[in-house]
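Quick notes on the structure that follows.
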Protein chains: 2
Amino acid sequence: MSRESCIVAQFRRHADLSDQEVELLTALEKDVRDFPAGSVLSEAGMEAGSFFSLHSGWACATRLLSDGQRQVLDIFLAGQVMGLRDIGFSHTQTELTALTEVRACPFPAKYLDEIFERSPRLARIFFLKLVRENALLTERIINIGRRPAAQRLAHFLLEMKVRLHAADPEFELPLNQNVIADALGISTVHVSRTLSQLKEEGLVRVGQNRVTIDDLDGLVALSGFDPAYLE
Amino acid sequence: MSRESCIVAQFRRHADLSDQEVELLTALEKDVRDFPAGSVLSEAGMEAGSFFSLHSGWACATRLLSDGQRQVLDIFLAGQVMGLRDIGFSHTQTELTALTEVRACPFPAKYLDEIFERSPRLARIFFLKLVRENALLTERIINIGRRPAAQRLAHFLLEMKVRLHAADPEFELPLNQNVIADALGISTVHVSRTLSQLKEEGLVRVGQNRVTIDDLDGLVALSGFDPAYLE
DNA sequence: CGCCATCTTGAGGTCTATCAATTTCAGTGG
DNA sequence: CCACTGAAATTGATAGACCTCAAGATGGCG
């Protein structure tokens, strides 16, 4: 209990919080659990009604299509709330999967109602978080809809760098090419080919869960990346 | 003033509203204005801080890319609030355009704060609206990322039918092929070709702002459409 | 009737998917 | 320490989807 929770830290970035508000948020992390890499935190099609706050590790939200294809919808980092997307639906639409070892805390949806009742300010921050998720989805639509594979990948890697607040040109990215492919709507084979191409052009190297950006300006120019949507 | 506003009607679908809440919402429609088809309600890059409630007509949110390409992010119908996506950003990211003649009412962002302060229940409904928008974006990602053009178009048309609550197999769709192309991430030419193909297969006819669905089951089967995300 | 935007059609080329065969690599057990 | 194993990544060849360019048809509207 000595260390402040991830969620509280995240929310403090938006506004100062009263003691009561901190308490409300801390309740979201009473029941922290560990999940091994690859495990499913929440399946699609279940009765909706619970979220997870992500303490540490990487996770993602995916949708399975009837023909076996998969689309990765979100990639979650520590401090994010997972499952907001399914509020208001009777059944969950998406699956939450741990990409690495994960510490996460499930909490019931009605907690959120309580928060809305008791703190307009927290409600507003939750709203902003959803807006931010919205912005990420929007940018992904543009990426998938209007950019060829090389630009898509470049854009994706830059987004990750910014979201991780990675100052170094080298950072961890525990995603295999399968996950990247399903996030960007291209095939795994083509991810491999396109990454090789970016490497040959001296822009970026990706391998064994690490990214090394060799030419940041080049990547930005190629992808048309503008971090405004992540502000 | 005799006719109830679109926004209030939309919100009533989520919960009963007190007189005070109705009043708060009605304030969002004090300043109704008319816009001709094709006009820009709000440009990208402006200082953020205002929304629109859409009274009647069709509008869309778009993003322009540096190379001149365009992505349609949202298509708005009467009763929707436009611009939620840009809350919390210093400058707007998207452009709002009228697709038909439009009646809309701009209102300042701080109204929303006031609503959050004074009615947790309305705050919750706004939250749900954003969740719903989120679900639409998600579905669009899947559509664009993982389905070929024919399925994409079929899915898009079915989504429109459901969103319009169209009971008839025939309904208005005032979108030209350019808008559809930019919404689905394919070229205008290919939209034309694919629509012809769907017509030849006896599934659906699209022309002069009207859609006629000849084989609903066939379209559903082709696209894998599941209306759960629109519930 | 003529004009303009929208839509259609054709031909050729590019990008990406798919299938299949290797190679690499981290982890495991001998 | 090394061989074995299975997952992940690479590579080649081929096919198909979609794009672009360009010309022509259609249809609403003054």
Side-chain angles (χ1 to χ4, degrees), chain A residues 36-39 65 67-72 97 99-101 143-154 156-157 172-201 204-212 222-223, chain B residues 36-39 65 67-72 97-101 143-154 156 172-201 204-212 222-223:
Chain A
S39 63
L65 277 70
D67 61 357
Q69 288 194 95
R70 198 177 69 145
Q71 178 70 47
V72 171
T97 312
L99 293 169
T100 64
E101 265 190 31
N143 213 19
I144 293 178
R146 288 291 172 205
R147 285 197 263 254
Q151 295 185 30
R152 256 185 245 191
L153 266 164
F156 178 77
L157 295 174
E172 291 282 332
L173 190 79
L175 311 176
N176 63 30
Q177 295 186 354
N178 215 322
V179 172
I180 297 175
D182 287 337
L184 299 182
I186 51 188
S187 69
T188 24
V189 175
H190 203 56
V191 168
S192 171
R193 261 189 254 274
T194 310
L195 284 177
S196 307
Q197 179 196 328
L198 293 179
K199 183 172 152 196
E200 272 172 29
E201 290 169 5
V204 61
R205 285 166 289 160
V206 179
Q208 45 228 42
N209 295 342
R210 296 194 70 75
V211 176
T212 311
L222 171 66
S223 63
Chain B
S39 63
L65 278 71
D67 59 0
Q69 288 193 97
R70 197 178 69 147
Q71 178 71 46
V72 171
T97 311
L99 293 169
T100 65
E101 266 190 30
N143 214 18
I144 294 177
R146 287 291 172 206
R147 285 197 263 252
Q151 295 184 31
R152 254 185 247 190
L153 266 164
F156 179 77
E172 291 282 330
L173 190 79
L175 311 175
N176 63 30
Q177 294 186 356
N178 215 322
V179 172
I180 297 175
D182 287 338
L184 299 181
I186 51 188
S187 69
T188 331
V189 174
H190 203 56
V191 169
S192 170
R193 262 189 255 272
T194 310
L195 284 177
S196 307
Q197 180 198 327
L198 293 179
K199 183 172 152 195
E200 273 172 30
E201 290 168 5
V204 63
R205 285 166 289 159
V206 178
Q208 46 228 44
N209 295 341
R210 296 194 71 75
V211 176
T212 310
L222 171 66
S223 63

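Throughout, protein chains are lettered first and strands after them, A, B, ... in sequence-line order, and every chain is numbered starting at 1.
- No donor-acceptor pair under 3.5 Å is formed between the side chain of B:R147 and the backbone N or O of B:R152.
- A:V191 comes within contact range of no nucleotide atom at all, as no heavy-atom separation falls under 4.0 Å.
- Under 4.0 angstrom from either OP1 or OP2 of C:dT8 there lies at least one side-chain N or O belonging to B:Q177.
- Although no hydrogens or angles enter the test, the distance criterion places a donor-acceptor pair under 3.5 Å between the side chain of B:S196 and the main chain of B:S192.
- For A:R152 and C:dT16, a side-chain-to-base donor-acceptor distance below 3.5 Å is absent, hydrogens and geometry of angles not being considered.
- Residue A:Q151 contributes atom CD, which lies 17 Å from atom P of C:dT14 at whole-angstrom precision.
- With hydrogens and angles disregarded, no donor-acceptor distance shorter than 3.5 Å links the side chain of B:R205 to the backbone of B:T212.
- Using a 4.5 Å heavy-atom cutoff, the side chains of B:L198 and B:L222 are in contact.
- Side-chain atoms of B:R146 stay outside donor-acceptor range of the base of C:dT16, with no qualifying N/O pair under 3.5 Å.
- Computed from coordinates, the A:K199 NZ to C:dT24 P distance equals 12 Å when rounded to whole Å.
- Nucleic acid contact class of A:L195 (heavy atoms, under 4.0 Å, all strands): none.
- Projected onto DNA chain C by closest heavy-atom contact, A:G185 and B:N178 fall at different nucleotides, the more 5' of which corresponds to B:N178.
- At whole-Å resolution of the value, CD1 in B:I186 and P in C:dT8 are 13 Å apart.
- Under 4.0 angstrom from either OP1 or OP2 of D:dT10 there lies at least one side-chain N or O belonging to A:S192.
- Sequence order on DNA chain D of the closest nucleotides to A:Q208 and B:Q208 puts A:Q208 first from the 5' end.
- In this structure, of C:dA17, D:dT20, D:dT11, it is C:dA17 that holds the atom nearest to the side chain of A:S187.
- Atom pair B:R210:CZ and D:dG28:P shows a separation of 13 Å (rounding to whole Å applied).
- Summarising the geometry, the separation between NE2 on B:H190 and P on C:dG13 is reported as 19 Å, rounded to the nearest angstrom.
- A:I180 has its CD1 atom 16 Å from the P atom of C:dT16, to the nearest Å.
- The listed nucleotides are D:dT20, D:dA13, C:dT6; the one nearest the side chain of A:R193 is D:dA13.
- For the pair A:L198 CG and D:dT10 P, the computed distance is 12 Å after rounding to whole Å.
- C:dT16 atom C1' lies 19 Å from atom CZ of B:R147, rounded to whole Å.
- Side-chain contact between A:R146 and B:D182: present, with at least one pair of heavy atoms (C-beta onward) separated by less than 4.5 Å.
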